*Asks:* 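Quick one: structure below, then a few questions.
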2 protein chains.
Amino acid sequence: MIARPHLTVGLAVDLVVLTVRDTRLEVLLIERGVEPFRGRLALPGGFLREGEDLLDAAVRELAEETGIRGIDPCLEQVRTYAAPDRDPRGRIATVAHLAILPDLPAPTAGTDAAGARWEPVRAGSPGLAFDHDTILVDAVEQARRRLENTPLAAQFCRPEFTIAELRAVYEAVWGVALDPRNFHRKVTGLPGFVVPTGEMRSPHTGRPAAVYRRGPATALNPPLQRPA
Amino acid sequence: MIARPHLTVGLAVDLVVLTVRDTRLEVLLIERGVEPFRGRLALPGGFLREGEDLLDAAVRELAEETGIRGIDPCLEQVRTYAAPDRDPRGRIATVAHLAILPDLPAPTAGTDAAGARWEPVRAGSPGLAFDHDTILVDAVEQARRRLENTPLAAQFCRPEFTIAELRAVYEAVWGVALDPRNFHRKVTGLPGFVVPTGEMRSPHTGRPAAVYRRGPATALNPPLQRPA
DNA sequence: ACAAAAGTGTTCACTATACACCCATGC
DNA sequence: GCATGGGTGTATAGTGAACACTTTTGT
């Protein structure tokens with residue numbers, strides 16, 4: 001390490017906020033209200049402030065730009081992007097974060113954003129501003145891996161949920177169909193993943209489903225294997 | 001995103017360089033030659049320069065501070081650390097990188113480093129400078145996970161290696177004993193992990209072992225499960 | 001001959017999958 | 001009753017751990 005920095009950069013956080021709506025995986029995007037890329041879709045995010053750590057900044061920006069707050073911040077780093085030419089404004093590095101939320105009321109546009117809305121995660125190229133296409137792909141891949149090894153999927157659900165709702169999350173994120181019977185046994189068998197509340201919930205038609213809450217487990221052992 | 005950065009920070013890379021020597025997992029540390037923390041052990045690293053991306057900087061710093069170069073840079077990001085008070089010199093963020101190398105000749109001290117040497121990775125607190133204790137723990141954990149899912153372990157070995165050498169890597173990094181027979185079958189059975197060269201190598205005593213090279217696989221399917 | 005290390009075959013327990021089946025509700 | 005979705009039981013195939021055993025070298 002050298003005593004004096006040779007270069008200072010702007011340091012930003014960007015957020016890939018994922019949810020499952022109507023069995024589809026969707027991402028929260030904003031329409032940029034300022035240059036550069038005014039009018040283009042982009043991930044929410046912004047610059048760090050004095051005295052702020054990365055997570056503080058991510059939580060704050062999410063609230064400012066989309067009105068989403070108060071959510072138990074299920075936030076983790078994806079990676080940092082710092083290519084010299086990634087931002088036309090100059091030398092700016094961004095630390096990408098992954099956030100997983102249950103289906104929520106429509107977001108509200110905030111500062112510097114002309115609009116905020118959910119968009120389905122498509123395979124193709126959504127044409128986002130900056131290098132946000134790359135960031136989105138990396139974050140979705142990380143979310144898929146996390147579902148295998150951590151109880152993260154429960155974060156996509158409201159605090160109380162049924163096994164079928166949890167299964168819908170896995171099917172949406174992985175893009176595969178899972179056997180409802182075997183899935184039920186697997187997750188209820190994994191210690192600490194979900195705990196029953198004792199209550200029941202009636203679907204539109206059919207037998208009522210038991211209601212569960214998130215369990216204390218922090219890692220899944222053994223992991224849920226994603227079908228090849 | 002806001003048009004003008006509210007804060008600029010010094011951006012550094014730090015390197016957790018791991019190797020396996022004599023069946024022990026070791027990390028490359030430097031003795032700091034300048035303040036702050038002069039004389040304390042630390043991870044090699046340094047600031048980004050104009051026009052450099054993160055990987056460029058990591059490769060350059062490794063060469064400058066330890067004399068290690070020309071190695072196929074098996075380098076990946078761990079995460080970014082940006083707590084406001086993590087560096088007494090001011091607001092400095094660092095992107096930690098993980099590097100995996102085969103056993104090499106002793107490193108040479110370079111600029112700003114009074115010395116560079118391998119140290120065993122201990123469970124306790126090595127008392128490194130800055131927040132490097134935390135970074136080291138995170139990086140080792142990432143290395144352990146990578147061994148399960150990627151052919152990364154082969155990077156710990158020289159270009160040509162025996163299955164027993166590869167097994168020694170897993171045992172050192174995971175800190176467990178593995179069954180030589182089952183391990184042999186597993187890795188030779190995984191498509192693309194290792195490819196036989198046809199040559200043999202005689203150990204000090206005993207039957208000669210077949211020599212292998214790294215295969216083309218980039219992910220292990222199915223993953224090698226680490227014993228609980 | 002013997003020790004030591006490489007590599008193979010076989011057994012056994014455990015796990016995942018597929019799917020038949022039963023249960024509880026709305027209409 | 002019947003359709004619909006929730007949940008359980010069970011047969012079967014596949015996988016991983018344990019370990020006896022054979023092979024090939026140095027001394």
Side-chain angles (χ1 to χ4, degrees), chain A residues 22-23 147-149 153-154 157-158 160-172 174 176-191 193-213 215 220-228, chain B residues 22-23 147-149 153-154 157 160-172 174-191 193-213 215 220-228:
Chain A
D22 190 26
T23 75
L147 287 206
E148 299 188 64
N149 303 303
C157 300
R158 295 181 189 78
E160 309 213 323
F161 53 89
T162 68
I163 300 297
E165 288 168 356
L166 186 63
R167 178 166 46 84
V169 169
Y170 276 90
E171 294 183 326
W174 283 351
V176 297
L178 299 173
D179 186 303
R181 289 81 55 106
N182 293 331
F183 182 84
H184 184 279
R185 227 173 336 204
K186 246 187 215 172
V187 298
T188 54
L190 282 168
F193 189 5
V194 295
V195 293
T197 64
E199 288 171 35
M200 305 293 267
R201 181 186 300 171
S202 279
H204 185 62
T205 173
R207 170 175 172 176
V211 175
Y212 290 82
R213 249 191 286 272
L220 261 35
N221 221 320
L224 261 69
Q225 198 87 349
R226 160 166 44 154
Chain B
D22 190 27
T23 77
L147 287 206
E148 298 187 65
N149 303 302
C157 299
E160 309 213 322
F161 53 88
T162 67
I163 299 298
E165 287 168 356
L166 186 62
R167 178 167 47 84
V169 169
Y170 277 90
E171 294 183 327
W174 284 350
V176 297
L178 299 173
D179 185 303
R181 290 80 57 103
N182 293 331
F183 181 84
H184 185 279
R185 225 174 338 206
K186 246 187 216 171
V187 298
T188 54
L190 282 168
F193 189 6
V194 295
V195 293
T197 65
E199 289 171 35
M200 305 293 269
R201 183 185 298 171
S202 279
H204 185 62
T205 175
R207 171 176 172 175
V211 175
Y212 291 82
R213 248 191 287 272
L220 261 35
N221 220 322
L224 261 70
Q225 198 86 347
R226 161 165 44 156

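The structure displayed is predicted, hence computed values, not measured ones. For the numbers below, each heavy atom of this structure counts, side chains included, while hydrogens, waters and symmetry mates do not. Chain letters run A, B, ... following the sequence lines, proteins first and then strands; every chain starts at 1.
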*Asks:* Can you sort out the partners of Q225(A) under side-chain hydrogen bond (donor to acceptor under 3.5 Å, both in side chains), two or more places apart, ordered by chain and number?
*Replies:* none

*Asks:* Nearest whole angstrom, please: distance from the P of dC14(C) to the CD of Q225(B).
*Replies:* 17 Å

*Asks:* How do N182(B) and N182(A) order along DNA chain C: which one's closest nucleotide is nearer the 5' end?
*Replies:* N182(B)

*Asks:* Detail all sub-3.5 Å separations between protein N/O atoms and N/O atoms belonging to nucleotides 13-15 of chain D.
*Replies:*
none

*Asks:* Can you name the salt bridge (charged side-chain N to carboxylate O under 4.0 Å, His left out) partners of R185(B), sequence neighbours left out?
*Replies:* none

*Asks:* In whole angstrom, what separates H184(A)'s NE2 from dG5(D)'s C1'?
*Replies:* 12 Å

*Asks:* Are the side chains of P227(B) and L178(B) in touch, meaning some heavy atoms are under 4.5 Å apart?
*Replies:* yes

*Asks:* For the pair made of CD in E148(B) and C1' in dG16(D), what is the distance, rounded to whole Å?
*Replies:* 15 Å

*Asks:* May I have the distance from I163(A) (atom CD1) to dT8(D) (atom C1'), rounded to whole angstrom?
*Replies:* 14 Å

*Asks:* Mind jotting down which residue pairs meet the salt bridge (Lys or Arg N to Asp or Glu O under 4.0 Å) criterion with at least one end in residues 193-207 of chain A? Sequence neighbours excluded, please.
*Replies:* E165(A)-R201(A)

*Asks:* OP1, OP2 of dT15(C) versus side-chain N and O of K186(A): anything below 4.0 Å?
*Replies:* no

*Asks:* Starting at CG of L178(A) and ending at C1' of dC19(C), how long is that distance when rounded to a whole Å?
*Replies:* 16 Å

*Asks:* State which of dG7(C), dC19(C), dA18(D) makes the closest approach to the side chain of D179(B).
*Replies:* dA18(D)

*Asks:* Just jot down the ring-ring contact (aromatic ring centres under 6.0 Å, His included) partners of Y170(B), sequence neighbours excluded, or say none.
*Replies:* W174(B), F183(B)

*Asks:* Test of understanding: with side-chain hydrogen bond (donor to acceptor under 3.5 Å, both in side chains), list the residues that count as partners of D179(A), not counting sequence neighbours.
*Replies:* R181(A)

*Asks:* Round to the nearest Å and state the distance from R167(B) atom CZ to dG7(C) atom P.
*Replies:* 10 Å

*Asks:* For every nucleotide of nucleotides 21-27 of chain C, 5' to 3': is a protein heavy atom under 4.0 Å from its base (B), only from its sugar-phosphate (S), or from neither (-)?
*Replies:* B-BBBS-

*Asks:* Taking side-chain contact (heavy atoms from CB on, under 4.5 Å) as the definition, give me every residue that meets it alongside P180(B), ordered by chain and number, with sequence neighbours left out.
*Replies:* R167(B)

*Asks:* If the condition is side-chain contact (heavy atoms from CB on, under 4.5 Å), which residues does P196(A) pass it with, not counting sequence neighbours?
*Replies:* Y212(A)

*Asks:* If I take atom CZ in residue R201(A) and atom C1' in nucleotide dG5(D), what distance separates them, rounded to the nearest angstrom?
*Replies:* 14 Å

*Asks:* Separation of M200(B) atom CE from dA5(C) atom P, in whole Å?
*Replies:* 16 Å

*Asks:* Provide the closest heavy-atom pair for V187(B) versus V194(B) in the form atom of the first, atom of the second, distance.
*Replies:* O-CG2, 3.9 Å

*Asks:* From the options dG6(D), dA17(D), dT10(D), select the nucleotide whose nearest atom is closest to the side chain of R185(A).
*Replies:* dT10(D)

